[in-house]
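Here is the structure we will look at, set down as structure tokens.
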Amino acid sequence: MDKIRAILDQFGKLKVPASSLAPDADLYDAGLTSFASVQLMLGLEEAFDVEFPESMLNRKTFSSIAAINRAIGEITRAAA
Amino acid sequence: MNMHARNIPVQKSAAEEFLDQLFDAGILFDTGVDGLYGRSGTFENVIKAFDNLVTKFGGDDNATPIHFPPGIARRLFEKSGYMKSFPQLAGTVHSFMGGESDHCTLLAELEAGSDWTSQQAATEVVLTPAACYPLYPTVAKRGPLPAGGRLYDLQSYCFRHEPSKDPARMQMFRMREFVRIGSPEQVRAFRESWLERGQEMMASLGVPLTVDVANDPFFGRAGKMMANNQRDTGLKFELLIPVTSEEKPTACLSFNYHQNHFGSLWDIRTSDGEEAHTACVGFGMERVALALFKHHGPDIDAWPKAVRDILWG
């Protein structure tokens with residue numbers, strides 16, 4: 001999850017450092033905008049070498065650090 | 001497999017049939033390119049009357065009118081991020097910038113009917129994709145907003161590369177826009193009030209309408225995400241009127257909340273130093289005129305008196 005936090009700091013343009021956020025904290029409440037969430041999505045894909053399927057390209061997938069972690073876990077497991 | 005067997009005439013779509021009717025009635029004129037049409041005096045008369053109606057409904061807000069030409073500086077267009085979201089719709093202006101020998105090559109290519117456009121180079125002008133695009137950098141240059149924010153009244157021909165037989169999907173069309181720039185509360189209140197006013201205004205014209213959440217046609221996978229986000233957060237609503245289809249009514253007005261997107265991009269600040277939020281209401285001038293012709297017929301003298309009174313009373 002530290003890796004996710006680093007990507008969040010880089011692309012999320014949050015009002016607070018990602019290290020201060022609990023895994024289930026709402027990222028949109030923390031200032032994640034619609035436009036930044038797309039940059040975040042692309043940043044995560046590059047860092048984790050994954051591709052989010054279309055069904056995951058929505059707000060919910062990127063709503064918290066835990067949600068992102070779950071989504072990446074799901075894709076990685078599906079690919080394994 | 002060829003779906004159209006020989007000798008069976010190809011069924012025209014409802015959109016194409018309506019376009020043919022508009023040509024036959026002399027309301028629109030074919031130019032040889034789908035989505036690029038001449039407009040009759042009658043058509044323009046309707047556009048002008050609707051334009052006045054919009055002024056009537058929005059006039060008390062004291063918006064500052066600015067008329068930009070239908071082109072935007074390429075440098076500003078590049079910064080706007082339009083190519084990230086809608087590369088498929090953009091139209092750039094290219095001109096011949098060669099010397100005499102290049103001109104000879106150009107003429108030979110034209111003569112031969114081969115591709116002569118390789119000689120063309122990008123100019124500093126890009127066709128305006130939405131009336132508000134030239135506004136944001138203009139506002140940013142004026143410094144921080146006053147406490148009440150700002151409100152602008154814009155109108156421009158816009159270009160979008162989406163050739164279609166649907167007369168309601170033109171490549172060159174007019175968009176009038178009121179654009180509110182200020183605090184989140186100010187711009188949200190503006191959008192709410194236009195959601196109400198827009199429905200009242202269009203209902204007065206005797207056309208069936210619905211309002212629905214919508215998304216812009218963002219490009220690619222990132223675009224899919226943008227579109228889903230836009231819908232999930234209710235950033236875009238459209239006022240829809242059936243023009244060429246009951247199932248897929250045409251968006252004639254749109255109500256958009258951009259959050260801090262343009263404020264952040266162009267560094268527009270409120271009086272408190274915060275990033276400004278923006279919202280706009282857009283009126284598709286040709287689409288509204290087409291909706292009126294569709295529902296009230298090609299002869300404007302025969303339109304219902306109540307509608308005529310609203311437009312020309």
Side-chain angles (χ1 to χ4, degrees), chain A residues 3-4 7-18 21 24-76 78-79, chain B residues 79-87 130 132-133 136 181 183-184 187-188 191 213-237 254-270 272-280:
Chain A
K3 195 168 165 188
I4 295 175
I7 306 294
L8 254 175
D9 282 331
Q10 199 181 340
F11 297 101
K13 293 185 185 166
L14 302 182
K15 291 180 243 170
V16 292
L21 292 170
D24 59 352
D26 188 315
L27 295 179
Y28 300 105
D29 287 346
L32 183 66
T33 65
S34 187
F35 294 94
S37 70
V38 174
Q39 298 309 312
L40 172 65
M41 182 269 286
L42 296 171
L44 288 165
E45 286 195 340
E46 197 176 319
F48 287 89
D49 195 21
V50 292
E51 189 169 306
F52 291 100
E54 272 202 15
S55 59
M56 283 189 182
L57 297 179
N58 56 48
R59 256 174 96 72
K60 219 175 115 209
T61 306
F62 304 91
S63 59
S64 69
I65 293 166
I68 294 171
N69 195 40
R70 267 198 307 277
I72 291 173
E74 244 177 75
I75 303 170
T76 324
Chain B
K79 194 178 162 187
S80 77
Y82 194 81
M83 292 305 281
K84 277 189 207 161
S85 297
F86 313 105
C132 61
Y133 268 70
Y136 304 111
I181 307 178
S183 69
V187 310
R188 278 202 297 260
R191 190 177 73 150
V213 65
N215 63 266
D216 286 309
F218 295 104
F219 185 79
R221 290 182 64 251
K224 181 84 189 162
M225 172 112 171
M226 291 287 289
N228 286 338
N229 283 353
Q230 203 179 19
R231 294 187 88 88
D232 289 348
T233 46
L235 293 180
K236 186 181 190 74
F237 287 91
S254 74
F255 311 87
N256 308 286
Y257 176 33
H258 317 120
Q259 296 172 317
N260 65 340
H261 176 63
F262 291 114
S264 162
L265 181 67
W266 295 106
D267 196 25
I268 306 173
R269 299 275 162 181
T270 64
D272 303 339
E274 296 288 323
E275 270 176 0
H277 280 225
T278 59
C280 68

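Quick caveat: nothing in here was measured; it's all calculated off a predicted structure. Protein chains get the first letters and strands the later ones, always in sequence-line order, with residue 1 at the start of each.
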Check: For A:Ser37, is it the side chain, the backbone, both, or neither that has a heavy atom closer than 4.5 Å to a heavy atom of chain B?
Finding: both
Next item on the list: Determine whether more than 12 heavy atoms belonging to other residues, nucleotides or ligands lie under 6.0 Å from atom NZ of B:Lys79.
Entry: yes
Notebook entry, point to check: When heavy-atom pairs shorter than 4.5 Å are enumerated against chain A, which of B:His261, B:Gln259, B:Met226, B:Lys224 gives the highest number?
Noted result: B:His261
Checklist line | Contact summary for A:Leu32 and A:Leu14, nearest pair of heavy atoms | finding: N-CD2, 3.6 Å
Note to self: Is A:Phe62 in contact with chain B via its backbone, its side chain, both, or neither, using a 4.5 Å heavy-atom distance?
What the structure shows: side chain
Checklist line | B:Thr270 vs B:Asp272, side-chain hydrogen bond (donor to acceptor under 3.5 Å, both in side chains): CA-CA, chis, key distance, verdict | finding: CA-CA 5 Å; B:Thr270 64; B:Asp272 303 339; 4.7 Å; no
Next item on the list: Inspect the surroundings of CZ in A:Phe48 and state if more than 12 heavy atoms from other residues, nucleotides or ligands are less than 6.0 Å away.
Entry: yes
